[in-house]
Amino acid sequence: MNQLFAPFKLAGTTLANRVVMAPMTRSRAPDDVATDTIALYYAQRATAGLIVSEGTPVSREGQGYLFNPGIFTPEQIAGWRLTTQTVHALGSHIFAQLWHVGRVSHTTIQHDGQSPVSASSKTAIGATAFGYDEQGNPGLVAASAPRQLATDEVPRIVQDFADAAENAIAAGFDGVEIHGANGYLFEQFLNPLVNDRTDRYAADTMENRLRFTLEAVDAVIARIGREKVGIRLSPYGRLFDMPHHDEIDATYTALVAALGERRIAYVHVMDQSGFVIGDKDTGMSVSERIHNLLRVFRKSLPETALILAGGLTRERAEQLIADGTIDLAGFGQPFISNPDLVARLQNGWPLTPPDRATYYGGGTQGFVDYAPFLPR
Ligand SMILES: Cc1cc2nc3c(=O)[nH]c(=O)nc-3n(C[C@H](O)[C@H](O)[C@H](O)COP(=O)(O)O)c2cc1C
C-alpha cells in the first residue's frame, strides 16, 4: 500500500503525510531576522507533513553567510513567530534547523573580525562563505583560517545549541534539527582527517570523536525534551573539504546507536551524491553505501524516525518507505519551484524545474512567485 501520503506519528505528533520539506538556505533575511515574506514562503509549502526550516545560526560565531535568519536574539525569535503560527494554522509542523558552520566562515562576519572557530586548525580548502569582500561589498569569500577551540570553550558552544533550542520553542517551532551534516561544525569534530585535536574532543577514540555531538544532543534534550529533537547527518559527504576516511561506517553506526538510545524524534540522512560524485576506489557509489548504512541505522532506532533526502522521486520515496528502509522522505529543490509539491506528487502533475540563479539572496523572485499547478 502506498504510504507516502498517509499520516505518520512522529514522537507523538501526527504529521499529515510523510513528505518532508528539506532545510534550504535562501538568504533572504536582510537583517538576519525572518520576515513576513519568509513566512509566506513557508505558508505556500505547508502541505508538507513536516517542514525543516533553512539553517538558522545559533550564534554570530556560528554564522558563515550573511542574510540568514538566526535564532539567538529577541528580534530573531519574534521574527520567526509569523512563520510558525502560519504553518500551524495550515495544519503542518515545522522544526528549526540549528546551525553552526565552524570553519566555513569569514573574519568579516565574526565579532571584531576574529577568526572562525572549529574543532580543527585546518582551513577548509576551496570552501566559500558569504561575507564582505575587500571593497566592503557582500559577496562570496574564501573561508578564513580557523582558530581551534580550546577544550574549555567547547561547553560554551554546547550551551549555545541548548539556548537556541529553547529560543526555537519560544518562537513556536515544534522542535529542532541539529545540523550535523554538510561539512559544518559537527562534521569537523567527527572527521578524523579534519579534527586535529589531542584533548577529550579529539578523533583518536570513538568516545572522544562523538563527545561534542552527543554533548550537544544531550544539552538540547535536557532543555526541550527528546521528542522535539532531530539531527541531520551526511555520511560520505564531501562538502566543504571533508575527506573520506576508513571509519565512516563505524563512526556513523556508533553515533546513530547512541542517538537511538536517546530516543530522539528523528535522524535525517542527506545523500550528497547528487552534489558530489562517489568513491572510485571500490566501485560502490555513495548512494549504495548510504543505503547499506540506512539498513544498519534502522536496527538501532526502534523509537526514532528515519528520514532520507537527496535526489528522491515519488517512486523512489514510496519504494523506500514500503520496504521499511525509511519512514519519511525529504525533498529539497522540488519544493523551491513547486510550493504544492505534495499535490503534484500525489496527482502525478508535472513538476516545474527550479531556477538555480535565484536559490540564494535577492527578493521575491524565485522565492514566493512559483505558482501552484492548476488542473484544467
Ligand atoms: C538552495 C539550497 C539550500 C540548501 N540549504 C541547506 C541548509 O540550510 N541545510 C541543509 O542541511 N541542507 C541544505 N540544502 C540541502 C537540501 O536540504 C537537500 O538535502 C538537497 O537539496 C538534496 O535534496 P534534493 O535532491 O531533493 O534537492 C540546501 C539545498 C539547496 C538546493
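Indexing begins at 1, ligand by ligand and atom by atom, following the structure's order. Quick note: residue numbers are just sequence positions, from 1.
- Side-chain contact check for Gln148 and Asp196: at least one donor-acceptor pair (N or O, by modelled atom type) lies under 3.5 Å.
- Closest to atom 17 (O) of ligand 1 by heavy atom, among Pro354, Gly311, Pro23, Gly332, is Pro23.
- Of all the atoms in ligand 1, the ones that sit under 4.0 Å from a non-hydrogen atom of Phe331 are 26 (O).
- If you look at Asn182 next to ligand 1, the close heavy atoms, those under 4.0 Å, all belong to the side chain.
- Side-chain atoms of Gln3 and Asp327 include no donor-acceptor pair closer than 3.5 Å.
- Relative to atom 5 (N) of ligand 1, the option among Thr25, Leu233, Val20 with the closest non-hydrogen atom is Thr25.
- For the pair His291 and Glu288, the minimum side-chain heavy-atom distance is 4.5 Å or more.
- Residue-level proximity to ligand 1 for Gln333 is carried by backbone and side chain together, each with a heavy atom below 4.0 angstrom.
- A salt bridge is absent between Arg28 and Glu54: the closest approach of a Lys/Arg side-chain nitrogen to an acidic carboxylate oxygen does not fall below 4.0 angstrom.
- Taking every non-hydrogen atom of Gln97 and a distance limit under 4.0 Å, the qualifying atoms of ligand 1 come out as 7 (C), 8 (O), 9 (N), 10 (C), 11 (O).
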*May I have the step-by-step check of salt bridge (Lys or Arg N to Asp or Glu O under 4.0 Å) for Asp249 and Arg289, ending in yes or no?*
CA-CA 9 Å; Asp249 286 346; Arg289 286 162 181 254; 5.8 Å; no
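- Surrounding CD of Gln114 are more than 12 heavy atoms belonging to other residues, nucleotides or ligands, all under 6.0 Å away.
- Considering only non-hydrogen atoms, atom 19 (O) of ligand 1 lies nearest to Arg232 out of Gln272, Arg232, Arg356.
- Residue-ligand proximity, Gly55 to ligand 1, at heavy-atom distances under 4.0 Å covers atoms 8 (O).
- Within the 4.0 Å heavy-atom shell around ligand 1 one does not find Ala181.
- For residues 16-64, the ring-ring contact (aromatic ring centres under 6.0 Å, His included) pairs, not counting sequence neighbours, are Tyr41-Phe367.
- The proximity of Trp99 to ligand 1, defined as any non-hydrogen pair under 4.0 Å, does not occur for either the backbone or the side chain.
- Residue Pro334 touches ligand 1 through its side chain alone, judged by heavy-atom distances below 4.0 Å.
- Using a 4.5 Å heavy-atom threshold, the side chains of Ser53 and Trp80 count as touching.
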